[in-house]
Structure formats: C-alpha cells, structure tokens
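Below, chains carry the letters A, B, ... as their sequence lines are ordered, and counting in each starts from 1.
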Amino acid sequence: MDDIPGKITGNDCVTGAYRRLTVGLTRPLGRVSPGQFVMVKVPDRDIFLRRPFSIYDSRGRALTIMYRVVGRGTDALSAAVRGTPLMVLGPLGRGFTPGKGNTPIVVAGGIGYAGVRMLLKRLGDRATLFFGVTGKDELRLADDLKDTRVLASTMDGSSGFAGDVVSLLGRYLDDYRGKRPEVFACGPSGMVKSLKALLEPGRIPCQVSVEERMACGMGLCFGCVVATRDEANPYKRVCKEGPVFSLWDLSL
Amino acid sequence: MDDIPGKITGNDCVTGAYRRLTVGLTRPLGRVSPGQFVMVKVPDRDIFLRRPFSIYDSRGRALTIMYRVVGRGTDALSAAVRGTPLMVLGPLGRGFTPGKGNTPIVVAGGIGYAGVRMLLKRLGDRATLFFGVTGKDELRLADDLKDTRVLASTMDGSSGFAGDVVSLLGRYLDDYRGKRPEVFACGPSGMVKSLKALLEPGRIPCQVSVEERMACGMGLCFGCVVATRDEANPYKRVCKEGPVFSLWDLSL
Amino acid sequence: MGSLAVNLFGKKLKNPVMNASGTLGYGVEVEPLWAVETMGAYVTKGLSAAPHHGNPTPRVWEERCGMLNSIGLQNVGVHRFFSHYFPFFVERRCPVIVNFFGFSEEEYLSCARSIEPHDLVVALEMNLSCPNIKKGGIGFGKEASTVHAIVRSVREVTKIPLIAKLTPEVKNIVEIARAAYEGGADGLTLINTMPAAVVDVKERRVSLKGGFSGPLLKPVALRAVHECSQAVPIPIIGVGGTATFVDPFAMPKIIAELGSWLDASGLADISAIVGAAHG
Amino acid sequence: MGSLAVNLFGKKLKNPVMNASGTLGYGVEVEPLWAVETMGAYVTKGLSAAPHHGNPTPRVWEERCGMLNSIGLQNVGVHRFFSHYFPFFVERRCPVIVNFFGFSEEEYLSCARSIEPHDLVVALEMNLSCPNIKKGGIGFGKEASTVHAIVRSVREVTKIPLIAKLTPEVKNIVEIARAAYEGGADGLTLINTMPAAVVDVKERRVSLKGGFSGPLLKPVALRAVHECSQAVPIPIIGVGGTATFVDPFAMPKIIAELGSWLDASGLADISAIVGAAHG
Ligand SMILES: Cc1cc2nc3c(=O)[nH]c(=O)nc-3n(C[C@H](O)[C@H](O)[C@H](O)COP(=O)(O)OP(=O)(O)OC[C@H]3O[C@@H](n4cnc5c(N)ncnc54)[C@H](O)[C@@H]3O)c2cc1C
Ligand SMILES: Cc1cc2nc3c(=O)[nH]c(=O)nc-3n(C[C@H](O)[C@H](O)[C@H](O)COP(=O)(O)OP(=O)(O)OC[C@H]3O[C@@H](n4cnc5c(N)ncnc54)[C@H](O)[C@@H]3O)c2cc1C
Ligand SMILES: Cc1cc2nc3c(=O)[nH]c(=O)nc-3n(C[C@H](O)[C@H](O)[C@H](O)COP(=O)(O)O)c2cc1C
Ligand SMILES: Cc1cc2nc3c(=O)[nH]c(=O)nc-3n(C[C@H](O)[C@H](O)[C@H](O)COP(=O)(O)O)c2cc1C
Ligand code: FES
Ligand code: FES
C-alpha cells in the first residue's frame, strides 16, 4: 500500500455515464490481487474525501479504473483533463481468492464489471462471465475481454437474455453440477440478494465484492462496515476485511 | 455598481512583490471617480471573501489594479494566469473630490500609489506627487506618470530624499502658502498619522484613503469601519462612507 | 409555473427566501444591484432601543469554510431605523422582519414596545445570542428558563408575531426551542453564528474572536431545524451557509433557482415540501 | 535542531502531535504507510468495558468543509484492546493515550478500573460526549455538575493520569472545563465533533445525522482552547481540523513541518510557545 502521485493520461467515455480513467503513476502500485481497490483523491478542492474504485487494470506505473458518474465526486472526476495531477492510495482491501480446481463463474451487474475485470483477465478462458446490464449499449463495457465466454442479459431485452443476470445464471446452473462451481460476483445489492436466493439450496461457494460509503479506505474510521453473521463482531470493514466477502458470511 | 465577469489579460511583476493585474471585463465598469475601488473574487476556491483593490485604471472594459503580495489572497492572485476568469464588483465607495481652485498635493506611501494613481492622471500637471518608498526599485511603481512632478523619498536613501515622505513634504509645505493647498493621501497608517501632525497647525484640507479588512465591500456587514470624530456615530464604513475621508474627520 | 409564495403569520410572502440578519445592511445598500423586494422579506440588522457603536476593528476575518465576525451589533437604533430606513421598504412594499436585541431584559422590552404594528412588519426576530450584562455576561439564549422568561416578557408587550433566534452554543437546542415556544414565540430562526477564534501563528496571538458563519454552518443548522421542527409546531426559518459576501447576487439567484427547482420537481406549490424530510 | 519533545504527565513524548481518537483505527492499520511511533502518542479509538457493534450504515458522509460520522463507537472492548493490540505499541515503544467511554457511570468506572498502569500508557482520555442511557440519553459532558461528578468518580478508581475530552455542544465550555478540573482531571482534550445533519433534497430525507469534523472545527476548537487554557492550569490537547482521511500522511507531515517551523523560528524548544497566544 502506498499513496502515489500520478497524472491523468486518459479519461474517456465508454458509453453513457461510464468512463475509463487511466493514470500514469510516479511509482508502480505493486502487486495487486483482483478485486482490490484504490482511493482516488478527485482533483477538485470541493471534494473532501477520496473515492474508492476497483482496480480495473494495473501494469507497472499505468493504472486504469472504470467508473460510472453517479454524484458529486464522479462528476468532478469526469471533468478532469489529461495531465491533471491526482493522488492514488492503494492497493487496498482483500480481493478474490479463487479455489484451485474450481470452475469459476463470474457474475457482474453494470459497473460491477469493473470489480471483476482483473479477475476475469487472470482466469482467462477458464471463466464464464454472466453480465447483466440495462440495455445493450452497456455491454460495451466488456468489449475488452477476449478469452472469456460472456453470457449477457439486458433488462430491456435489447441483447442476449431479457431479464436480470441472476435469472440468466439460474438457467445455466445445472450445467455446472459436478464441476465444483465457484461464483465471483460484483454488482448492486439487489443482484447480490437474488444471487443468494439462487445459490442457497446448493450452498455453492460464492465470493462477492461489496460496496459501502468510505472515508479512509484503509481501516481507520470504521465507516464502511457491512453486517456479517459473526455474532460477536457483526460489522466488518469493507475496506479492510473486504471488499470481497464470502456470500455466506454476509447478513443480507 | 455591478458585479462583472472578466478574464485576466495580464498579471505581471512591476518590482519585488508589486504586481499589475489587467482584466478584460464583459461589461464596462462605468463612471469611476478616482479613489474608488473594486472587490475582486480571487480565482481560488480556498479564498472565501473578496479582496478590495483601488481602481488603478479603467477604460471601457479594461480594468487595471496594482497590488502588493502580502498574504493568502494576494498570493493566490499572483498565481493566476492569463485567461483565468474572475469576478469584479465595482466601482465602490466614495473617491477623492478635489476642490476647485485648490493646488493639489498628492502623498503616497508604497502601494498607496495605486490609490491615488487615477487622481494623478486626472489632475495632470496641476499636481505634485510626494512618493515615499523603502528603496529606489519601488519608485518604478510610478514610472507610468508623465505629466506629474514627482518628489521621491526612500527610507534607505537609495534615491531622492532620505527619510519618510511626510518629512519630505514638510520641507516643501511653505512653498504652498497662499496657494490654497489641498492634500490627497494614501498610504500606511503611520504615514497618515505623521501627515496629521504635519498639517495640524495649518489645518490644511486633506483627504485620505483609508484601508480596513473588508468582507462585503458594499456596506452590508459593517465589518470595515474606521473611527471618526462623529460622536453620535463614530464608526463609519470604509467601503461605503469611504474609503476617502477628510483627515480632520478621522479619529486617529 | 409553481408558486413560491408562503404564508407567514398570516402574511403572504412572495417566496420563503430572506437574508440573514446583519448581512444585508439596512437594505438600501443592495439597491444598485437588485431590488430588495425580490426577497420574501428583508430581515433588518440587529436593532436596539438605543444606538450602538459596536466593536473596534478588526471586525471580520476570513477562515477556510467561512468567516468570523465581531461587529459588536453596531446599529442606528430602532427609532432611527423606522424614521429613516423603513420608508424605503414601504415604498417598495417589501415585508420586513425586525431583528432586535438588548443587553438587559428592559432593553429587549423597550425595543419591542417601540415597534408599531404595520402591514409590512411580518415579525420581530429576537436575537437571543446577546450577553446579559446584568447576569455577568451570560447569553440570554443559553438556558431554557431564561429563554422562556424573556420570550414571555417580550410577548406581553407587543402584538406583532415574535420569532426567537437561537444560538447553537447551547447544550440542547431542542430544549431551548421548546422553552421559546412555551414562552409564546410564534416562530424560530435557527441558527446564529458559532463562537470561534483565529490564531495568528506568526504573531502568536488571537487575531479575532467572534461568530463563525458561512458554509460550515449549514449542516449544523440543518440538524437544529430537523430536530426542533419535530419538537415544536411553529414555523422555523433556517439560517446558515449563504455566502452573500462572496456572491452579492446570492439572494436573487437562490430565488430564481428555487423557482426552477420547483418546476423541475413538478410541484405546484413550495409549501408542499414543508416537513418532507421528517421522520 | 530544535526539540519537539514535550513532557506530558511526567512522561516524555517525542513531539506534541497525536491523532484524534477514532481516526486511526487500532493503530496497526497505518503500519504499511508510516510508523505509528512517529507520533508523540497514539490515541486509541473509543474503548468500552464491553465490546460495541456500533451503528448500521451509512456511517460517514462528505460535506463541504468536513465530514459527518455516525460510527456509533464500534470497538472490540478494552480487554481485547490490551490483549490483542496493545503489544504492538509495546513492541514499538509507542506511548498510548486510551480513549474510553460508557453509557452509564458504572461503564466508565469498570472500563477505567480494568486498565493497568503501564509505562507506555500516558493517560486515559474520557470521552464525555456519550449519551447517558440512565438519564434519558442526555450527554455526560453537557452539565458542569455531571462532568464534575463523573470525573471525580473515575479519578478515584485509577492512578493513571486522566484527561477529560469535551464536546462543543455545551452552553459554556469554560464552565465545563473548570468542572472537569475541579473533579480531578489532569488534562483536557478540546474538542469532539459538532452535531450536524445532511439532507438529501432529492430524496427529501435526512441522509445522516452525526458528528461534524474536519477543517470547519479548527476555529471552534481554537476558541475553546484559548478560553479554557486561561481558566484551568492543566495541559490541553487541541483537536479539530486535521484531515487524516484526505491525506493519509497528514500526521508524519505535520510532525516534519513542525520541526522545520521550529527551526525557522529560531526556537530551541517547542515548549517555548506554550501559552504564547494568551492575553
Ligand atoms: C471497494 C469499492 C470499489 C468500487 N469500485 C468502483 C468502480 O470501479 N467504479 C465505480 O464507478 N464505482 C465504484 N465504486 C463506487 C464508487 O466509489 C461510488 O460510486 C463513488 O464513490 C460515488 O461518489 P460520488 O461523489 O460521485 O457520489 P455521491 O454523490 O457521494 O453519491 C451518489 C450515489 O452513490 C452512492 N455511493 C456513494 N459512495 C459510495 C460508495 N463508496 N459505494 C457505493 N455507493 C456509493 C450514494 O449512496 C449515492 O446513491 C466502488 C465502491 C467501493 C466501496
Ligand atoms: C479600499 C481599499 C483599497 C485597497 N487598494 C489596494 C491596492 O490598490 N493595492 C493593494 O495591493 N492593496 C490594496 N488594498 C489592501 C488589500 O486589500 C489587502 O492587501 C489584501 O486584501 C490582502 O489580502 P491577503 O489575503 O493577501 O492578505 P491577508 O492574508 O488577509 O493579510 C495579510 C496582511 O494584509 C493586511 N490586510 C488584509 N486585508 C486588508 C485590507 N482590506 N486592508 C488593509 N490591510 C489588509 C492584514 O492585516 C495583514 O497584515 C486596499 C484595501 C482597501 C480597503
Ligand atoms: C456580519 C454579520 C453580522 C451579523 N449580525 C447579526 C445581527 O445583528 N443579529 C443577528 O441575529 N444575527 C446576526 N448575524 C448572524 C446571521 O444573521 C446568521 O445567523 C449567521 O451569519 C449564519 O448564517 P450564514 O452562515 O448564512 O451567514 C450576523 C452575521 C454576520 C456575518
Ligand atoms: C470516524 C471518527 C471516529 C471518532 N471516534 C471517536 C471516539 O471513539 N472517541 C472520541 O472521543 N472521539 C472520536 N471522534 C472525534 C475525534 O477524535 C475528534 O474529536 C474530531 O473528529 C475532531 O477532530 P478532526 O476535525 O481533526 O477530525 C471520532 C471522529 C471521527 C471522524
Ligand atoms: S473507509 Fe474507513 S474503515 Fe473503511
Ligand atoms: S466591508 Fe462590509 S460594510 Fe464594508
């Protein structure tokens, strides 16, 4: 973990409110495990706290994140031009830990793709991505995937399966019987809840990346907790003990 | 009075910590009387309140101020580059009102020159400027005066009279006997106090431009007052009833 | 076009936006820039029975997130306000809320007593942040019992609706709000400045002690408004965070934006959102 | 090179800079970035006799000038702190100030009692902003009499120096400071967060109610420090305005800058400026 000055080398629209930001850091981030994140100091003085973003890609001193403009911070970030200096703290948190010999199933909803993208790259052709989006334009987010089989669902039915991504996964789940399936998921809380309902009967191993509002991103403030089934100590820090948790440990 | 958006067209060092800022306004400031000032929104989000500066020059939509870097606001202003947008509120306050038929004597100390510069331009060759500075480099501030006789004093003796400007004026005061002298002054409070001591015996008419910390610059907050001899209502607003007062009304 | 008009103490204001007391001089000063009657009401700077000279300078200081002031309640006195400045508001048909104060109960009473009911005088706003010189300088607004007593006394000497303006420097603002309400206040203004100080490290001294106002106050005021509005059934005027000195057009801009917001939200009437954030 | 070392309650700290309680986790979390013993002392997050789970999320919210938090005092309990985290500080010879709280007097007492004197435990810092569940949730730190009583009770059960940490939400912090001193406090920490709220206009609800901290607090804290330091003869630790979450290196940077400042000012010893802004 390090706090590294960098400069924006690119900040482009992918589609709609989704953007890809590349940063040239003055030092490499170091070893990143898929699912880890960075805290970015948005280059705007009115944005006080840093914002967490999954590490989309990290090679040497080149860092990429993909983000969706949803509020003040991401809006300000979207206005930053090439050459703007900014600070990046990371890599942070605990990422995904795929079990050896398992068959990986990756489930992403919308911008949740940013959280599993490094994992998909590492898993290569071993993984299948179940990718749920609102409409077909959003499928462009995953255009950079080459080796991975992608099964898409759109809420508006404009491409692939019409409906939510968990229902789509439901149709394929039987195919994984006996193959030691292991699910890796990142997406909105509704998606995670349906996923839980789907996987509950078979208690299929599942790791999910969770989001919460953060202040520090490094375990200092206890601001970003998620409720778990650990009765003695239910609230775990998403930034420190997470963001990836076993679905079965969470209290949803 | 108007609040006018503008863009910096120049921001250059004159000498030492003194700078000249030119602004291209989107609308003209309108009729300015010498001694009036503007409130400038320093283009830096960390500078909350506007800062008052005398109108050094105003022609159509071109505004010039001269300033000395003394603290946070002027420091931030000095860092602003050409093209930076900023807001200018003005013209504000009451300026100098030279009496007809009087012989004008103008006294300025250091950056106080900025406060009398428009007056000098209006008075042309009728006025004499007594200009007190620390060392001869500072005399460059008045380089743009053409028609005016300038008598300089430097504290370090590097040019002109060695000593303070009021002592210099003292040596010339007798020359004005019978010529209905009228003094116009702008400078540090020490200068104003000595001036009062000098002019007291003859009660020579004297208008001084006073400085005080300001929040609004337009009479709203009563933050910028100066104590006067008006017993019923001693504190007058520098930004509204001033910045120019009769020396004999002030309670120094 | 939705309506911004609100009813306050039986008077119709064209919108619910007013300046904070003491931040818009005597009202005439903004005349060159915008018409004071653009606002729902003009709030006077603090007035007292006798004129006050106020404090020596420095009186204002810039701080990150806001400014400190220590004006010391300079004002021309309530009589001169009505003889000299009030006609300006009458001419413009601009409703006025009269902010007033005293350094003793008698001063509050004599000031309130001297104000005649008038079609355009919407209310009297009691500034309760003043030190009580008789009680060793402890603020009037600090204790529920003191607030109750002084509001009740003032209530008895005037027929004009009475607003109590509270200081945040109390142990529990809800308790104070209740005391003001029970003492007879018809409304509350929340909140006044926060006591603070700036230190000059180089000079090693306190540059200014005074009331802190500006953007930093907004969340503090919002909490006070939220909690007090659930405790008392009277109108509350929220104050804090408007930077009129930074942008002299802040007031007219807020009013215009509020109008646009109302329309964008599809609301017919601004009153529809009163209390919307409760619960 | 001037010396930043200070003496606090008979212990030598290498500098007077410490984190605010609750803003540096259990101390171990900054380890990857900088050594916790860089600071004069580490202040623990609030500990209680029994562990606390804290509040549901959202717990933090960004605001202009600072942030709001409503962590709800989540902590592992004082016993686990000493068994599990304290050895880390012992290993690094890092002095520790133990911030603690309770929701009843007994909880304060049992927590204080359970802390053994130790070479590295500089003091106990009582967080007096907690609501007293027995007294209907009114904060312990609100009334001089309550503060006096609880400080005195805690004073009796421990030999470790005792610091009272005060809330700004009082009517007169000097009075509270005096009560803490007279109750036996060896020092004061000024101040805790300011109660505030953020409203989501679009959703028409309060997003978060909690304590406001960050740059806005500094002038409020400075005033409290300035006034209390003239009223009581005990050391005061100033808190407010340090943005550790914005810049994770804020602490080591402050310490380095303080050193440079000391040298630039030609001072041999940081203690030379204690009280310099008085009068
Ligand atoms: C570990 C982690 C990794 C993340 N990775 C990505 C990523 O790769 N790409 C991306 O676009 N977003 C990611 N997010 C979410 C991202 O941090 C938020 O969208 C961002 O902080 C919003 O900032 P804002 O100021 O624009 O929004 P705000 O104005 O603060 O809020 C707008 C909306 O976003 C929600 N929000 C705010 N902060 C968070 C947060 N920390 N987590 C979840 N929701 C939040 C709010 O509740 C609100 O609905 C991640 C969050 C976490 C915790
Ligand atoms: C009517 C008027 C006209 C002025 N004209 C000019 C001008 O033409 N050129 C110029 O350089 N300066 C002028 N000044 C002074 C100028 O406004 C201040 O130097 C400036 O506001 C300082 O801002 P700062 O943030 O850099 O300084 P700060 O960091 O706020 O303070 C630095 C120092 O400047 C002093 N100071 C701050 N504000 C003022 C103020 N309003 N008046 C006097 N001293 C102050 C402080 O006491 C301190 O000693 C004028 C002031 C007034 C009231
Ligand atoms: C310069 C100045 C003068 C003030 N004078 C008064 C006053 O006379 N009476 C009063 O009740 N409040 C007075 N206040 C407090 C304001 O009315 C308001 O409560 C406070 O500034 C917070 O609002 P803001 O953050 O929008 O400025 C004054 C504030 C300022 C900045
Ligand atoms: C996330 C967070 C947790 C805090 N927890 C505690 C605590 O446990 N005990 C305590 O006395 N103060 C606590 N505080 C208050 C701080 O110690 C400090 O008084 C306050 O944040 C003001 O300082 P700052 O502006 O530098 O943050 C907490 C503050 C924050 C932001
Ligand atoms: S964001 Fe501070 S502990 Fe996670
Ligand atoms: S600066 Fe506000 S009245 Fe002069």
Side-chain angles (χ1 to χ4, degrees), chain C residues 61 63-68 137-139 141-144 146 167-173 175-176 194-212 214-227 238 240-241 261 264-265 272-273 275-279, chain D residues 61 63-68 137-139 141-144 146 167-173 175-176 194-212 214-227 238 240-241 261 264-265 272-273 275-279:
Chain C
W61 208 273
E63 212 4 82
R64 225 180 128 174
C65 322
M67 62 174 277
L68 275 76
I138 293 166
K142 302 257 181 168
E143 294 274 11
T146 323
T167 164
E169 204 196 23
V170 294
K171 65 171 209 237
N172 179 358
I173 200 155
E175 200 177 82
I176 307 286
M194 180 79 68
V198 199
V199 172
D200 186 328
V201 175
K202 223 161 86 188
E203 305 283 339
R204 286 178 213 165
R205 60 183 165 82
V206 172
S207 307
L208 190 79
K209 261 204 229 185
F212 197 10
L216 81 302
L217 264 194
K218 203 171 118 184
V220 182
L222 284 175
R223 171 185 170 260
V225 170
H226 183 66
E227 296 192 350
W261 177 84
S265 310
I273 62 152
H278 276 193
Chain D
W61 208 274
E63 215 1 86
R64 226 179 130 175
C65 322
M67 62 174 275
L68 275 78
I138 293 166
K142 301 257 179 167
E143 294 273 11
T146 322
T167 165
E169 203 195 27
V170 294
K171 65 171 209 237
N172 180 357
I173 201 156
E175 197 178 83
I176 307 286
M194 180 80 68
V198 198
V199 171
D200 186 327
V201 175
K202 222 161 87 188
E203 305 283 340
R204 287 178 212 164
R205 60 182 166 81
V206 172
S207 307
L208 190 79
K209 263 205 229 184
F212 198 10
L216 81 304
L217 264 195
K218 203 171 119 184
V220 182
L222 284 174
R223 171 184 170 260
V225 170
H226 184 66
E227 297 193 349
W261 176 85
S265 310
I273 62 153
H278 277 194

Taking every heavy-atom pair that is under 4.5 Å apart, which of [options] has the most such pairs with chain C?
options	answer
C65(D), G241(D), S265(D)	C65(D)
L68(D), L216(D), V170(D)	V170(D)
P215(D), A224(D), P195(D)	P195(D)

If you count heavy-atom pairs under 4.5 Å with chain D, which of [options] comes out on top?
options	result
A221(C), P219(C), P168(C)	P219(C)
G66(C), A197(C), G214(C)	A197(C)
V199(C), D200(C), V198(C)	V199(C)

Legend entry - Any residue meeting side-chain contact (heavy atoms from CB on, under 4.5 Å) with I273(C), in chain and number order, not counting sequence neighbours: W261(C), L267(C), I270(C), A276(C), R204(D)
Inset, instruction - Measure the CG-NZ distance between L222(C) and K209(D) for me, rounded to the nearest 0.5 Å. - result: 11.0 Å
Inset, instruction - Output the distance between atom CD1 (I176(C)) and atom NZ (K171(D)), rounded to the nearest 0.5 Å. - result: 9.0 Å
Legend entry - Heavy-atom closest pair, residues A196(C) and V220(D): CB-N, 3.9 Å
Legend entry - Those residues that, when tested against E169(D), pass side-chain hydrogen bond (donor to acceptor under 3.5 Å, both in side chains) (two or more places apart): R223(C), K142(D)
Legend entry - Flag side-chain contact, heavy atom, 4.5 Å: R64(D) against K218(C): no
